[in-house]
Asks: 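Would you mind keeping the following structure in view while I ask a few things?
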Amino acid sequence: MNKPSIYGLTLDQLTEWLLEHGHKKFRASQVWDWLYRKRVTQFSEMNNVNKECIDVLEENFSIQTLTEHVRQESKDGTIKFLFRLQDGNLIETVLMRHKYGLSVCVTTQVGCNIGCSFCASGLLTKNRDLTSGEIVEQIMNVQLHLDTKGQDERVSHIVVMGIGEPFDNFQNTVDFLEVVKDHKGLAIGARHITVSTSGLANKIYEFADLKLQVNLAVSLHAPNNELRTKIMKINKAFPIEKLMDSIDYYLEKTNRRVTYEYILIRDVNDHKAEAMQLAELIGDKRHLSYVNLIPYNPVDEHGDYQRSTPEAISEFFDTLKKKGINCGVRLEQGADIDAACGQLRSKQEKKKEKVK
Ligand code: SAH
Ligand code: SF4
């Protein structure tokens, strides 16, 4: 039987588990320090932890359950990792270099059931949720890769924007956030972490109540129900009014700025009229809003969708600006290595199909 990754436990959960197994509370802090500060990958290396404790941990947990399958490095320093899970499934994780630090994009599910019409991940329906351990391990593997380079580089930012819908795997995502934020471990600041959702309004309420101080991004992509339903079928379950109500609640509870992601697809959602409508939609909360305009990254599977022209992108941006909306155009990274959500994995899965 495969043992779960110990990275999946929050410090409280590890403490409780060790107490239940007859070990002292302080062992949890020691083990935690070895895992996240000294970053060993064998329990036997934890040389201030007694043998009985090491044995019981070894019997019940693994440290590493992921293996690296493919690594692609882009000219701009972006690295894309394709990891194999214990059950053979493949997931992808991306490391990006920014002026402000190193950011990692993690995957939360194998595939995705939301099925947005423009997304490579949505084509491969969900096979399963990742455990919290498998999500933390993506960060740890990237950090361990950086450690081997000996340049003292640290993962400083996290975006939960890889394959999958994090709010459709809510508890594991929350446990993951608790682990990476913990100041005794990786201590990645909550303000440096962003979770992106396709707009599961019911979960936005729950997320607001947790007061995690983590940033929220909402994939809006269209300013009215007719268009949004066409490209994101989740809009039928959570239409724009319901989504906006949940965002109002989130703003009230947290007073934290929300990012709206808006991919610009040529002649689909990139007209001036849509920019005006978008400004109208978020105008009353513009002080706590930021619109991230993302030029669409074409994927083989959706040949009918193209990237907006540079002129359309600037006009959209200018229209929002004139209406007093904070916004920016996301610069592309790793375009030469299929860095768009789900693209590399989707290609690898197709290769597997061909081999079969
Ligand atoms: N499921 C979550 C998080 C993962 S997707 C969500 O949908 O928000 C992360 C972001 O990438 C989303 O905003 C998504 O709409 C966007 N995206 C998906 N496919 C894309 C593509 N081909 N080009 C540009 N952005 C894309
Ligand atoms: Fe799933 Fe997000 Fe892709 Fe939509 S955009 S299919 S929610 S991963």
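FYI, the numbering just counts along the sequence from 1. In listed order, ligands and their atoms are each counted from 1. Quick caveat: nothing in here was measured; it's all calculated off a predicted structure.
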Asks: Taking atom 8 (S) of ligand 2 as the point of reference, which of G164, A120, S117 owns the nearest heavy atom?
Replies: G164
Asks: Looking at E165, which atoms of ligand 1 are within less than 4.0 Å of one of its heavy atoms?
Replies: 1 (N), 2 (C)
Asks: Indicate whether the side chain of Q143 and that of D147 have a donor and an acceptor atom separated by less than 3.5 Å.
Replies: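 A pair is found: one side chain offers a donor N or O, the other an acceptor, under 3.5 Å apart.
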Asks: Show the atoms of ligand 1 that are less than 4.0 angstrom away from any heavy atom in H221.
Replies: 13 (O), 14 (C), 15 (O)
Asks: For a quick check under 3.5 Å, do D175 and Q171 share a side-chain donor-acceptor pair by atom type?
Replies: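 Yes, Q171 and D175 have a side-chain donor paired with an acceptor closer than 3.5 Å.
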Asks: Would you check if the distance from the ring center of Y262 to the ring center of F316 is below 6.0 Å?
Replies: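 Yes, close enough.
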Asks: Taking only heavy atoms of C112, which atoms of ligand 2 are found under 4.0 Å from at least one of them?
Replies: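 So the answer, numbered in order with elements, is 1 (Fe), 6 (S), 7 (S), 8 (S).
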Asks: Could you see which bit of I263 sits under 4.0 Å from ligand 1, with heavy atoms only: side chain, backbone, both or neither?
Replies: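 It is the side chain that touches ligand 1; the backbone stays farther off.
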Asks: Closer than 4.0 Å to some heavy atom of T197 - which atoms of ligand 1 meet that?
Replies: 6 (C), 8 (O)
Asks: Verify whether the ring centers belonging to Y205 and Y250 lie closer than 6.0 Å.
Replies: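 Aromatic pair excluded; centres sit 6.0 Å or further apart.
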Asks: What do you reckon, does G164 have a nitrogen or oxygen under 3.5 Å from a nitrogen or oxygen of ligand 1?
Replies: yes
Asks: Name the option, out of G162, S196, S117, that contains the heavy atom nearest to atom 4 (C) of ligand 1.
Replies: G162
Asks: Is a side-chain donor or acceptor of N269 paired with a backbone partner of I265 at a separation under 3.5 angstrom?
Replies: yes
Asks: Any chance CG of D152 has more than 12 other-residue heavy atoms, nucleotides or ligands included, within less than 6.0 Å?
Replies: no
Asks: Please say whether more than 12 non-hydrogen atoms of neighbouring residues, nucleotides or ligands are located less than 6.0 Å from CD in E226.
Replies: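 Check fails, neighbour count at 12 or below.
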Asks: With respect to atom 18 (C) of ligand 1, which of Y296, Y260, Y305, F118 exhibits the smallest heavy-atom separation?
Replies: F118
Asks: Give a yes or no on whether the ring-centroid distance for Y290 and Y260 is below 6.0 angstrom.
Replies: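 Ring centroids of Y290 and Y260 are no less than 6.0 Å from each other.
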Asks: Which bit of S198 gets closer than 4.0 Å to ligand 2, counting heavy atoms only: side chain, backbone, both or neither?
Replies: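 Side chain only; the backbone of S198 stays clear of ligand 2.
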Asks: Heavy-atom contacts with G115 under 4.0 Å: which atoms of ligand 2 show up? List them by number with element.
Replies: 6 (S)
Asks: With a 4.0 Å heavy-atom cut-off (strictly under), which part of E261 contacts ligand 1: side chain, backbone, both or neither?
Replies: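 Looking at E261 and ligand 1, just side chain atoms fall under 4.0 Å.
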Asks: Report yes or no: does C119 have an N/O/S atom closer than 2.8 Å to atom 3 (Fe) of ligand 2?
Replies: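 So C119 does bind atom 3 (Fe) of ligand 2 by this criterion.
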Asks: Find all atoms of ligand 1 within a distance of less than 4.0 Å from any non-hydrogen atom belonging to V299, and give their numbers and elements.
Replies: 22 (N)
Asks: Is it the case that the side chains of E137 and T65 hold a donor-acceptor pair, with the cut-off being a distance below 3.5 Å and no angle test?
Replies: yes
Asks: Check for me whether K3 meets the cation-pi criterion with F61, that is, NZ or CZ under 6.0 Å from the six-membered ring centre and within 45 degrees of the ring axis.
Replies: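 Pair K3/F61 does not count as cation-pi.
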Asks: Which ligand 2 atoms does C116 reach within 4.0 Å, using its non-hydrogen atoms?
Replies: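 Listed by number with element: 4 (Fe), 5 (S), 6 (S), 7 (S).
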Asks: Examine the proximity of ligand 1 to I114 and report which part, side chain or backbone, both or neither, has a heavy atom under 4.0 Å away.
Replies: neither
